[in-house]
Amino acid sequence: MKLSGPYDPKKVEDKIYKLWEDSGFFNPLRLTAQGKLKRKKAFTIIMPPANANGNLHAGHALVMTIEDIMTRYKRMRGFKALWLPGLDHAGFETQVVYEKKLEKEGRSRFKMSPEELYKEILQFTLENKRNIEGQIKKMGASTDWSREKFTLDPEIIKIVYGTFEKLFDDGLVYRGKKIINWCVKHQTSLSDLETKDTEKIDKLYYLKYGPFIIATARPETKFGDKYVVMHPKDLRYADFKNGQKINLEWINGPVEAIIVKDEAIDMEFGTGVMTITPWHDAVDFGIAEKHHLQKEQVIDFYGKLLPIAGEFEGMKILEARQKIIEKLKIKGLVEKIEENYTHTVKTCYKCESVIEPQIKEQWFLKMKPLADPVIKLIEKNRITFIPEHYKKISLHWLKNIIDWPLSRQIVWGIPIPAKICATCQRAIVDIEGNKYTCVKCQGILKKDTDTFDTWFSSGQWPFATLKASQNKKDFKNFYPTDVMETAGEIIFFWVARMMMLSLYVTKKLPFKTVYLHGLVLDAKGQKMSKSKGNVINPLEITEKYGTDALRMGLVMGNTPGQSLALNEDKIKGYKNFANKIWNASKFVMMNLDDYNPNAKIFLNATQKKHLKELQKLTKECTKLMDEFKFYYAAEKIYHYFWHSFCDKIIEDSKVWLANDTLRQSTQYMLLEILLQSLKMLHPFMPFITEEIYQQLPIKDKKKSLMIENWTK
RNA sequence: GGACGAUUAGCUCAAUUGGCAGAGCGACUGAUUUACACUCAGUAGGUUGCAGGUUCGAGUCCUGCAUCGUCCACCA
């Protein structure tokens, strides 16, 4: 008797994972060489590249579980199954993590050379990469490690550069002097997706501006304001004409202001008049562009006032704000101050410091020409969204898309292969790095020191990974991929951009189905966060209850798109289930000593009925698996195994086994049900099912349960 | 302001698309050398958020409302 005692995952998991890896069956090409099965059709999932900057968290564990279930199921169904693993350098995210580490050590990135910083983060990332690879294996992921890709692999960078050049040649990528979101702490620009709105209570100042009263929450930006804007239909200001000049007394003395009429003004807000600061406000920038107005920088990139502020030069925003108001009060220019003015401001999604809009020359990607063809294909249902409502969400975003700022002023990332003429500011792509003088003005070309937004490289992941493969036919064989499974949270960040960039480069949508899962929450349904101290570490859970139990806990009751509350009691329940499987298998095998697999079998009516029920269950489960209803299939098989097989069938069989005429058919029936159950359980609980399978006395046994045929 | 989702047993969620409201966890009652106490047999627990409508039949479809959550836009 090989199965003894209670099930102990620690004795099984590492050994079984090694058996799988050594078998080579994670590699779809090795798979095709096995057995009679032809495996003509491919099934491909590209793993969302995990950020190589920390440990595996509950969200990753969910990704690994769901994608492994899909892959194992399809592999057993006879597909040439490829699940391609990857890791992400995760530009900004990783740099932020590393900066926090530096802060703790009392160091600062601003005191390091870019080369020094890059080298340190690279080492940090490579260490974490190894770490997280081990953790992915711990989850039982049947990914093809021979095809693993990292976003900084030279072959990947080459492809990313190729796309950038193609976009440049097609006029879709351009250098623009536009307003961007600037994080003063991190010293980089951010896309709109990388900012979040935070509600703040500030003061709203009503200031006398010549004949007008203007309301502002940011007096410190007002030095450069020489345009006063009102709605053309506002009768209160009908006497003032567009372009009219007026002289007035302002913070640092007399200024000449120009009247501008624009529909962007809300007549209801404040006094219906405002002055604009095009350099530091997106709406103001829009107005200034429309009317060709001058723009002046008032605040520098460190959040300090520039010489234009006169005596306030060099002061930080909040300090200056107070002092300016004091001065304006003395000058009698403060009409009133509204306390407790609630408004929302954009903040950096990582450090929550208030975003300072700035005008900066950057690389931008024109999105509309990329989005339009994707919109058409989505509307034609050429891609399936699970759950369905993500179709609407995606379409809405794509239809209202704005240009994407690609440049980031951080060292940790893929350098933008571009040069800028020091004389005429002309920007060119230079992948080889062998262009030195401007063809237009003979000026000296300087290398762009910015890096790409990390999503620009991961946005090319489905085709880049396959094109960069050492197996030259991979792209042809496995692209477009079948399923993209990822968090609903990053539908815009990542999924939408993958669709656009992949369609642009390969002329095909990168995947047929998008499966989006929700968040993994704590037992009380709260979002996990370090500050709340409610983070569930998946590795501690596997240590305590076994990987199979964690996987069941993550998949049971988890419908697509919906967030999942994970509690330990639930996982404990599946640990018990694993033990149940173990003991039932032990019971079956205990009674097989005299079993002859080649004997002729005569089943009685009840036994036939049991096998028929099993058949029915298999059919149902197959249908549910095909419909991506893993939570439901898992529940069915769980319930069958415990409450039909164990509680009823095994109990009945105890009498039959003691009966000479029924013994053989009972043995056959038990083994058959056990084997079929193990097959159906395998995608969900791969370790324990494989361990038991290895010990079953069956005919035509495969090297691994992984490549057994799923019975339909 | 716009969109999307959720609301079902004490808790976490299902209900295979309109066909007998069901699991797990928890609670309660009982069993006891068993493949398994990481067990077994059983019990309680529901006006499916509210109000209408369609239908032979509604948790499911339609209309309105409420509450919670998420996303997007705007905010001088």
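Order of the sequence lines sets the chain letters (A, B, ...), proteins ahead of strands, with each chain counted from 1.
- Look at the P atom in both B/U33 and B/C40: the space between them is 16 Å, to the nearest Å.
- No option in A/T711, A/T689, A/T618 other than A/T711 meets the side-chain hydrogen bond (donor to acceptor under 3.5 Å, both in side chains) test with A/K679.
- Distance from the side chain of A/K654 is smallest for B/A35 among the nucleotides B/A35, B/A41, B/C4.
- For A/K580, no side-chain nitrogen or oxygen approaches OP1 or OP2 of B/U39 to under 4.0 Å.
- Heavy-atom neighbours of A/K327 NZ from other residues, nucleotides or ligands within 6.0 Å: above the threshold of 12.
- Relative to the side chain of A/H389, the nucleotides B/U16, B/C4, B/A23 differ in distance, and B/C4 lies closest.
- Heavy-atom neighbours of A/Q294 CD from other residues, nucleotides or ligands within 6.0 Å: at or below the threshold of 12.
- A gap of 10 Å separates the C1' atoms of B/A58 and B/G19, to the nearest Å.
- Using Watson-Crick or G-U wobble geometry with both donor-acceptor distances under 3.5 Å, B/U33 finds no partner in any strand shown.
- Nucleotide B/C4 has B/G69 as its partner under the Watson-Crick or G-U criteria, with both atom distances under 3.5 Å.
- Nucleic acid contact for A/Y390: none, since no nucleic acid atom lies under 4.0 Å from a heavy atom of the residue.
- Taking atom NZ on A/K572 and atom P on B/C38, their separation rounds to 9 Å, with Å as the unit.
- Taking the six-membered ring for Trp and thresholds of 30 and 60 degrees, A/F630 and A/F628 have ring planes more than 60 degrees apart, a perpendicular arrangement.
- In this structure, A/L550 places its CG atom 21 Å from P of B/C38, rounding to the nearest Å.
- Taking the C1' atoms as reference points, B/A21 lies 8 Å from B/A15, given to the whole Å.
- In terms of position on RNA chain B, the residue among A/V345 and A/F492 whose nearest nucleotide sits closer to the 5' end is A/F492.
- Across all non-hydrogen atoms, the minimal contact from A/A217 to A/L204 is N-CD1, 3.8 Å.
- Among the nucleotides B/C74, B/C72, B/A73, the one closest to any side-chain atom of A/V283 is B/C74.
- Distance, A/F385 CZ to B/G5 C1': 16 Å, rounded to whole Å.
- In the displayed structure, A/K203 atom NZ is contacted under 6.0 Å by at most 12 heavy atoms of other residues, nucleotides or ligands.
- When heavy atoms are screened at a 4.0 angstrom cut-off, A/F628 is found touching no nucleic acid atom at all.
- Looking at heavy-atom distances under 4.0 Å, A/A217 makes contact with sugar-phosphate atoms alone, never a base.
- Within residues 393-405 of chain A, the residues approached by RNA chain B to less than 4.0 Å at the level of any non-hydrogen atom are A/I393, in residue-number order.
- The two residues A/D202 and A/R321 make their nearest non-hydrogen contact at OD1-NH1, 4.3 Å.
- Between the C1' atoms of B/G18 and B/G59, the separation comes to 11 Å (whole Å).
- As a whole-Å value, the separation of A/M552 CE from B/C38 C1' is 15 Å.
- For A/K586 and B/U39, the NZ to P distance is 13 Å, given to the nearest whole Å.
- Across the C1' atoms, B/U55 and B/U39 are found 48 Å apart, a figure rounded to whole Å.
- Other residues, nucleotides and ligands contribute over 12 non-hydrogen atoms within 6.0 Å of the CD atom of A/E379.
- If you measure from atom NZ of A/K196 to atom C1' of B/C72, you get 16 Å, rounded to the nearest angstrom.
- Using atom P as the reference point in both B/A9 and B/U48, the two lie 10 Å apart (nearest Å).
- Among the atoms of the strands shown, base atoms are found under 4.0 Å from some heavy atom of A/D197.
- Pairing for B/G26 is absent, judged as Watson-Crick or G-U wobble with the two contacts each under 3.5 Å.
- Taking a 6.0 Å sphere around NZ of A/K11, one finds it holds 12 or fewer heavy atoms contributed by other residues, nucleotides or ligands.
- The C1' atoms of B/C71 and B/A51 are separated by 29 Å, rounded to the nearest whole Å.
- Judged by Watson-Crick or G-U wobble contacts below 3.5 Å, the nucleotide B/A44 has no partner.
- Against the 90° criterion about 0, the sugar-base torsion of B/U16 places it in the anti range.
- Among the atoms of the strands shown, only primed sugar atoms or phosphate atoms (P, OP1, OP2) are found under 4.0 Å from some heavy atom of A/H643.
- At the phosphate of B/C4, OP1 or OP2 sits under 4.0 Å from a side-chain N or O atom of A/K392.
- Other residues, nucleotides and ligands contribute over 12 non-hydrogen atoms within 6.0 Å of the CD atom of A/E263.
- Rounded to an integer number of Å, the gap from A/F641 CZ to B/U39 C1' is 15 Å.
- With distances taken from any side-chain atom of A/Y638 to the nucleotides B/G24, B/C72, B/A35, the minimum falls on B/G24.
- If you take CG of A/L624 and C1' of B/U17, they are 12 Å apart, rounded to a whole angstrom.
- A side-chain donor from one of A/D626 and A/Y73 sits under 3.5 Å from a side-chain acceptor of the other.
- Listed here is the closest heavy atom pair of A/V298 and A/T221: CG2-O, 3.9 Å.
- Here the separation of B/C61 from B/A6, taken at their P atoms, is 9 Å to the nearest Å.
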Between the protein and nucleotides 13-15 of chain B, are there any N/O to N/O pairs under 3.5 Å, and if so, what are the atom names and distances?
residue : atom : partner : partner atom : Å
B/C13   : O2'  : A/G557  : O            : 3.4
B/A14   : OP1  : A/T559  : OG1          : 2.4
B/A15   : OP1  : A/Y631  : OH           : 2.9

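- Both distances falling under 3.5 Å, in either a Watson-Crick or a G-U wobble arrangement, place B/C50 opposite B/G64.
- The 5' end of RNA chain B is approached more closely, in terms of each residue's nearest nucleotide, by A/Y7 than by the other of A/Y7 and A/T195.
- Salt-bridge formation is not detected for the pair A/D652/A/K648: no Lys NZ or Arg NE/NH1/NH2 atom is positioned less than 4.0 Å from an Asp or Glu carboxylate oxygen.
- Across all strands shown, B/G18 has no partner, as no Watson-Crick or G-U wobble contact with both distances under 3.5 Å is found.
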